[in-house]
Asks: 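My structure is below; once you've seen it, I'll send some questions.
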Amino acid sequence: MSETNVNVCSVNRYLAPLLPRAILVILAAVILPRMLLFFYLGGELPAPPRDQPLYIRVAGRLAQGEGFSFSSEQGLVKHLVGTLHDHIPLWTASEDYVFGLAPVEQPTAVMEPGYPVLLGVFFWLFGGISGAVFSLNLLFAIAGAFAVRKLVMDVWGAESGLMAAILWALYPPYVYYSAFAMGETAHFVMLMVATMTIFSAGRGESKGFLAGISIGLFFLIRATALFLIPLQLLFLIWRKRWKALLFYSAGFLLAVSPWVVRNWISMGEPVLMPTKGVLNLLMRNDPEVLAKEGITVPENIPVNNLDLLGYHPVDSISGELERSRVLGEVGRTYVLSNPRLMLWLGWNRALHFLAPGGSTLGGSGRIAGFLIYPLMLYGVWGFWRNKSHPETIFLFALFILYLLVHAMAHGGVRYRLPVDAVFLIGVSLVTCCRGGKK
């Protein structure tokens, strides 16, 4: 064992048993860098704005009692902005629809409700100010750090748990995204909360109900969580927690039921998935749109059925759900007719997601993003040393799943993969002097 490893473990052994001090250390690691970022930005939100105005306007309408919907002004702004670009998809042509899907001034299911609803609550409490955004994201970040600590501590001990929490709290992309009025911070956090609760259910320390609630709440923030459910179910089956499967299912259904019931009452159907996903299927595989994200499709890769990208039947179809069904069928046809394009895009995106950073991070963020490479190397080493643990195998599978899902479905390369926390956990295991709990 190296001298550095012994020293790190010695520090951890001193801190971990002192529970109150460990809590203060984690709180400081979360709060201080985010407050410094807040002052560095002068209390403003980061630029470029990306999807922040969308979340802010929806949250603002919720705070004002207008419900989960888009205003007619938003429809007009989307229409006018669309006309400024050379490539104008017909789904932005009407000012009476946002994204060509959601009728203005009517209930919508175009996006996940979780983050806008919470942001709306903070706007209602504090007003529509950037401090409300920072406060919400700060609370999420605190919850994420303590979730990471618990999921690592319960398997590998208090020393590694404390180290993992500090690494998660200080990881530069996680700090940076906490300033955005979008769901990235909530995504990072709920991924760890869902992992913590499924580990607990797998060990038999809980019945699985909280794991189901967690993945359900995660889904309401980012629909990507739906792809995690099979992996979590397989983990429970592997650990032979048969009763936990039922409680897990009940928890998930309970968590998502308010959203489904609301859609049934307000829109006439029990909609589960956000309707904008079908639009993303087309938009994020459109060569002209991808070019704006910095992805250029090689000339030797044919692109078939380009006529489908125009969303030509828009004028004859009314209502969000009917448009979503038609657009979904168009998207599936387009994707299935372009296997070479989809394989190339998947490979290209996977490589870029493993790069230091995406376009949102900018130059300075990309420099900080180079941290991921040594973290990945040390993290893999930590997992190899603890490969006998089922939780280790789950975490590695979680990374592979996220890489595949985002590579096949995500359009631009704006963000780090939300699953970088897996390697931060691996790094904490390298510093652990014990093999962990069995």
Asks: Say you draw a straight line from CZ of Phe218 to CG of Leu226; how long is it, rounded to the nearest 0.5 Å?
Replies: 11.0 Å

Asks: Given salt bridge (Lys or Arg N to Asp or Glu O under 4.0 Å), test Glu320 with Lys276 step by step and report yes or no.
Replies: CA-CA 10 Å; Glu320 180 175 330; Lys276 189 172 176 283; over 6 Å; no

Asks: Decide if the gap between the ring center of Tyr55 and the ring center of Phe180 is smaller than 6.0 angstrom.
Replies: no

Asks: Does Arg61 pair with Glu105 as a salt bridge, N-O distance under 4.0 Å?
Replies: yes

Asks: With Phe122, which residues qualify under side-chain contact (heavy atoms from CB on, under 4.5 Å), at least two apart?
Replies: Phe126, Ala132, Ser135, Leu136, Leu139

Asks: Quickly, which of Leu345, Asn304, Asn285 forms a side-chain contact (heavy atoms from CB on, under 4.5 Å) with Asn338? Name it, please.
Replies: Asn304

Asks: Phe423 and ring pair (Phe, Tyr, Trp, His ring centres under 6.0 Å): which partner among Tyr171, Tyr373, Tyr378, Phe399?
Replies: Phe399

Asks: Could Arg262 and Phe68 be counted as a cation-pi pair, given that NZ or CZ must be under 6.0 Å from the ring centre and within 45° of the axis?
Replies: no

Asks: Could you tell me if the side chain of Leu228 sits less than 4.5 Å from the side chain of Leu398, heavy atoms only?
Replies: yes

Asks: Does a salt bridge link Arg332 with Glu329, judged by any charged N lying under 4.0 Å from a carboxylate O?
Replies: yes

Asks: At their closest point, which heavy atom of Ser69 faces which heavy atom of Thr108, and how far apart are they?
Replies: CA-CG2, 3.8 Å

Asks: Could you tell me the separation between the CE atom of Met182 and the CG atom of Asn137, rounded to the nearest 0.5 Å?
Replies: 10.0 Å

Asks: How long is the span from the CD atom in Glu269 to the CG atom in Leu321, to the nearest 0.5 Å?
Replies: 4.5 Å

Asks: Please check if the distance between the ring centroids of Phe235 and Phe199 is under 6.0 Å.
Replies: yes

Asks: Is there a side chain to side chain contact (heavy atoms under 4.5 Å, CB included) between Phe396 and Val422? Walk through the geometry before answering.
Replies: CA-CA 7 Å; Phe396 187 76; Val422 165; 6.0 Å; no

Asks: Please step through side chain to side chain contact (heavy atoms under 4.5 Å, CB included) for the pair Gln232 and Phe394, ending with a clear verdict.
Replies: CA-CA 8 Å; Gln232 292 192 333; Phe394 179 93; 4.1 Å; yes

Asks: Out of curiosity, Gln52 CD to Arg57 CZ, how far, rounded to the nearest 0.5 Å?
Replies: 11.5 Å

Asks: Would a distance-only check, ignoring hydrogens and angles, find a side-chain to backbone donor-acceptor pair under 3.5 Å from Gln106 to Gly319?
Replies: no

Asks: More than 12 heavy atoms of other residues, nucleotides or ligands under 6.0 Å from CH2 of Trp344: is that the case?
Replies: yes

Asks: Is it the case that atom NZ in Lys240 sees more than 12 heavy atoms from other parts of the structure closer than 6.0 Å?
Replies: no

